Structure formats: structure tokens, C-alpha cells
Asker: 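Take a look at this one; I'll ask things after.
Since the structure is predicted, the reported quantities are computational estimates derived from the model, not experimental observations. We name chains A, B, ... by the order of the sequence lines, and we start the count at 1 in each one.
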2 protein chains.
Amino acid sequence: MSSQQNKGVGLNLAKETRCMTCSLSSLCLPLSLNLEDIDQLDRIIKRRQPLKKGDHLFRQGDHFDSVYAVRSGSLKNYIMTNDGEEQITNFHLPSELVGLDGVDCSSYPVSSKALETTTVCEIPYTRLQSLAQELPDLRNQIFSSMSKEIRDDKQMMLLLSKKNAEERVATFLGNLSSRFKRRGYSPYTFRLPMSRNEIGNYLGLAVETVSRVFTRFQTIQIIAVNGKEVHITDRQQLLEIAGVTECEVEQPGKLIAS
Amino acid sequence: MSSQQNKGVGLNLAKETRCMTCSLSSLCLPLSLNLEDIDQLDRIIKRRQPLKKGDHLFRQGDHFDSVYAVRSGSLKNYIMTNDGEEQITNFHLPSELVGLDGVDCSSYPVSSKALETTTVCEIPYTRLQSLAQELPDLRNQIFSSMSKEIRDDKQMMLLLSKKNAEERVATFLGNLSSRFKRRGYSPYTFRLPMSRNEIGNYLGLAVETVSRVFTRFQTIQIIAVNGKEVHITDRQQLLEIAGVTECEVEQPGKLIAS
DNA sequence: AAAAGTAGTTGAGATATATCATGTCTGCTT
DNA sequence: AAGCAGACATGATATATCTCAACTACTTTT
């Protein structure tokens, strides 16, 4: 098992050791960093051993020292209620930044756990901070990522406070679909990296409710599900139920500035 | 009426035209800005006419150009659902920063409306941005404010997804109490700037439910309410119901660094 | 000061979703 | 390959909260 893992590392490190050649760079650095700037950023980034399913990237309370970009796999972030239950606050797919909410504390306010085998780029915060001073574009990129997270959180509050079970699940699937699309994968067919339980936890629903909505959506031919494999048959109607217009699902954000 | 308003402006502008002498500066600028830095910040800040109750500071979709610090009064921020309902995402009290979630868009993603007569300091974003380049402390302060907002939003998600009506209302009152305390007001007796309806909207509850919880809390002698005046009789128990320990209610954050 | 509108309270009944219980499927472990 | 544990699905029932309705107390208008 350990030999398998090492093989994986070797491959990844060999292929994508540098931001400049990383296929995700246009997503995780969607800014007009010039080659020199990217090179500087590149130097402070540490590549880490892949996390296995269930491994923690960090835990709530751990000393905050780095932010991370997901390279492959996926993570769930969650906080603990005082009676020990977990509340998932986010799922993170490749190219997404993780850990920015720890910036003004000495410790991470959430835990982050791998849903599957996952690789990340580690960006030591003190280095990032000093680099941000020199590179205005990078600084704005960080502001940008954070304000996007805030906006997403407000949408989540709306979902949790006003939407019913069907609308929640439809929103969730539509959102995932858009994120996969943006990453160059099919927006129609994908594999859920999380369990029904985790979906329910995230959406403020019981597992059983999530399950029932999945079945209802299959009955009315909006989706076809096989375990974690999801195929969206009628994206239009899914988004209608979600209560968003196509363009709202995920704001395109500033891609590589022209 | 207009003469009254002007009188108000005159008073405010005369008394607190400068960050250095503003009684809120230790809260809205809780950083170790030296006098020179404060002076620079001071120069870019515009003082605005007070908003009357119901006036908008900005509307969802308005061109984003400034962030604001509340000087007196209070604001509610809200987004619109596609069927025209509003979802309140935040209430803002004096010293709090408003508008940071617009940073990476050309427009504000939420609307901000005065709950009462309210004065704000306007900070044009382009000026702030260039100033942030020169002042690392200011830059970190902005990061800090944003990451605090993200953390608060996660707590709100937890509230909306896991807490029952009593826990929600108790959390809300406890949180307000702490914020007033931090601003030098009594944590036990204060005036709610928002209506029951707005509390319900924010907490994901019907007005009637909020009202009933208020009555129940009065019956069990945790609070005494008279209209918008709230007196907290048993803060300990209130926080217990909220499901937080005293220190969690609001993280102290970095106050004026020693 | 009366009228009229708005905000808040309280009760009764409706409902979406949670909970409990059971059964089935899936993927691991040995 | 068999057996087992966890994930998922589905039905029956319970319940917290919503909705609707009526009443009261303020606030603002005329």
C-alpha cells in the first residue's frame, strides 16, 4: 500500500510541480499574473503527500499557518456543534482555495477532511503575506477569493432559511454541475465524492429526505442516479427547481483577464 | 425636517471628522496603525449625509465602488430570492465594515438598508486598494475583517441547519448582547433596531415563532421585553440555550495590539 | 383626537420534514 | 467467495414550525 502511494506521489510531482505548467492554474490563479509573478508564487508553494480518504488536512483549532489549493480529489470542511455533531460548511473541488477563514486567528476555525484520495498545494501564509505586498494582482486575487466565499455563504444562508428540500437538492446538484463544467468535466455526468449523509448534513436535511428527493427527481426524469454516479437528464428543469437562472448557478468570476 | 437633518450633520462632522479622534476607531481599525497611517486612511474617507430609516446605502447590483464603516445607527444587508422575497444576511452595528463582499465583482451582491437614522464613513475602494499596498497593517486588517465575516457566516449556517427556534433566538440575543458590550454599551439592556419580522427573516423563522419564543423566554425569566427594549435577566442561561460557552459568543478579535 | 395603518401577540389547524423501523444493496475484509 | 458493516432506500408515524386568522397595542396621518 505504501509503495502504491509513493508511486502516485512520484507521478504527480513529476507532472505538475510548477504552477506554470499546472492545468489548474487558470482556475486557482485566475488573474493576470505575469510569468515572473507566477514564478515567485511557485517558489513558496509546497507540494504535499496525498491525503487518503478520511485524513485531515487540518483540524479545527490547529495552528493556522497555511492556505491550500486542492489539486485533485476533494475535501469537506466542517465545524463542530458543542454537542459533538458536525456541520459541513463546504465541499472543495480541485482548484479551490481552502483555509482562508483562518487568516485572522492563530488557529483554523474549521476542520478539513479528505473525501477521497486528495492532493493539495500548500501555501505558507507568512510567505503569501509578504508576497502579497509585492504583487498587487496576487493580493487582489486573495481578496477576490475571500469575497467570493462570503457571497457563496450568503447564498447558502438563503438556501437554508428559505428553500425546501427539493430546491436545496436541486441547487446542490446544479452547483456541483457548474463547478465540474468550469473545470472542464461534463456538467451532465459526474461522481459525487460525498455520501448522502454528508449531502444531508450540508443541506440541513435528514439523509432520508435527501434519498427521497433523489428518487423523486429520478421519477420525474430530471436525473438518473446509480450510487454516487449522477447523470443530469434535464438540466433546465433542475435549475428551475433550484430557483436560479442558468447564469446564477456559479458566477463565472474573472477568468484570465484579457 | 431638512433643517433638523442638517443640524445633525453639522454636529457629527464637527465632532468626529477624523479617524484619530473617533471613538470607534479602536473597533473599526483594531490594528496597530501608527498615527501617520491613520492620517493617510483618514484622508481617503468620505463622510456622508446620514441615512434615514429605510434609505438604501446601496442596492444589490449597484456599481461597487466603496466599502463603509457604520458610525451610528444600524443597517440590514439582504439578498433577493428570485421570487422577490428578501433574505437578511446580516445586521450591522457601529464600527462594523459593510460591503466587503463586493470586492471581486463590479457590483454589490447584496442590498444594504438603514434600520434607523444611520451615519457611515465611506471608503472608496480604489483608494483603499492602493493604500493597502503601502500599509501592510491595513491590508491585514481587511483580510482579517473578511475572514471574520466568513467565520460568522459558517456559524450562521450551523444555526440555520441544526438549531431549533429557541436556540436560534437565544443565539441571536446573545450575539447582539456581546456586540453591544464590545462597543461599550450594556450587554444586559439594549434596544433592538430591527423588527420581529426582520429577526424571523434573518433566523429562518416565521414572525409568530419569534414572538412565541420571546414570550416563552419571558415566562421562564430569562429576558424581559417591552417592545424593542430587551433586558437580559439571566445571561448565563440564555447562552446555555444558545448552545455556546461565554467566550464563543463573539470572538474578541485582535483589539488594539499591545 | 380620531382614524388608519403597522407591528406584535396568541390560538388552532396544516404540513413539510424528522425520526424510527425495516429491508436491501454495495463494497470491503478475511 | 462468503460474510459483514456501512450506505442507501422506503414506509409509517411524530413533531416542530408554518400558515391562517383574529385580536391588541402602537405610530403615524389627517
Asker: Calculate the interatomic distance between Lys162(A) atom NZ and dC18(D) atom P; express it in whole Å.
Answerer: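 After rounding, the reported distance stands at 10 Å.
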Asker: So, for Leu57(B) and Arg48(B), which heavy atoms are closest and what is the spacing to 0.1 Å?
Answerer: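 Leu57(B) and Arg48(B) have their closest heavy atoms at CD1-NH2, 3.8 Å.
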Asker: Rounded to the nearest Å, what distance is computed from the NZ atom of residue Lys228(B) to the P atom of nucleotide dA7(C)?
Answerer: 8 Å
Asker: For the pair made of NZ in Lys53(A) and P in dG27(C), what is the distance, rounded to whole Å?
Answerer: 11 Å
Asker: Take nucleotides 14-26 of chain C nucleotide by nucleotide from the 5' end and write B, S or -, depending on whether a protein heavy atom sits under 4.0 Å from the base, only from the sugar-phosphate, or from neither.
Answerer: ---SSBB------
Asker: In whole Å, I'd like the distance from the CE atom of Met194(A) to the P atom of dC8(D).
Answerer: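 It works out to 11 Å between those atoms.
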Asker: What is the separation between atom CD1 on Ile199(B) and atom P on dT17(D), rounded to the nearest whole Å?
Answerer: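 Taking atom P of dT17(D) as the reference, CD1 of Ile199(B) is at 16 Å.
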Asker: Without hydrogens or angle criteria, can the side chains of Ser74(B) and Glu116(B) be said to hold a donor-acceptor pair below 3.5 Å?
Answerer: yes
Asker: Using a cut-off of 4.0 Å on non-hydrogen atoms, how would the nucleic acid contact of Ser195(B) be classed: base, sugar-phosphate, or nothing?
Answerer: sugar-phosphate
Asker: dT17(D) P sits how many Å from Phe214(B) CZ, rounded?
Answerer: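 Result: 15 Å.
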Asker: Starting at atom NZ of Lys52(B), determine the distance to atom C1' of dT28(D), rounded to an integer number of angstrom.
Answerer: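 It works out to 16 Å between those atoms.
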Asker: Can you give the donor-acceptor pairs under 3.5 Å from side chains of residues 200-212 of chain A to other protein atoms, not counting sequence neighbours?
Answerer:
{"unit_1": "Asn201(A)", "atom_1": "OD1", "unit_2": "Ile88(A)", "atom_2": "N", "d": "2.7"}
{"unit_1": "Asn201(A)", "atom_1": "ND2", "unit_2": "Glu86(A)", "atom_2": "O", "d": "2.7"}

Asker: Using the rule given for side-chain contact (heavy atoms from CB on, under 4.5 Å), can you reason through Glu198(B) versus Leu115(B), listing the C-alpha separation, both sets of side-chain angles and the distance that settles it, and then say yes or no?
Answerer: CA-CA 10 Å; Glu198(B) 288 164 328; Leu115(B) 294 171; 3.6 Å; yes
Asker: For Ser178(A) and Arg235(A), test the side chains for any donor-to-acceptor distance below 3.5 angstrom and give the result as yes or no.
Answerer: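 Arg235(A) and Ser178(A) do have a side-chain donor-acceptor pair below 3.5 Å.
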Asker: Once rounded to the nearest 0.5 Å, what's the spacing between atom CG of Leu75(B) and atom CE of Met194(B)?
Answerer: 11.0 Å
Asker: Arg196(A) CZ to dT10(D) P: how many Å, rounded?
Answerer: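 My rounded result for the distance is 11 Å.
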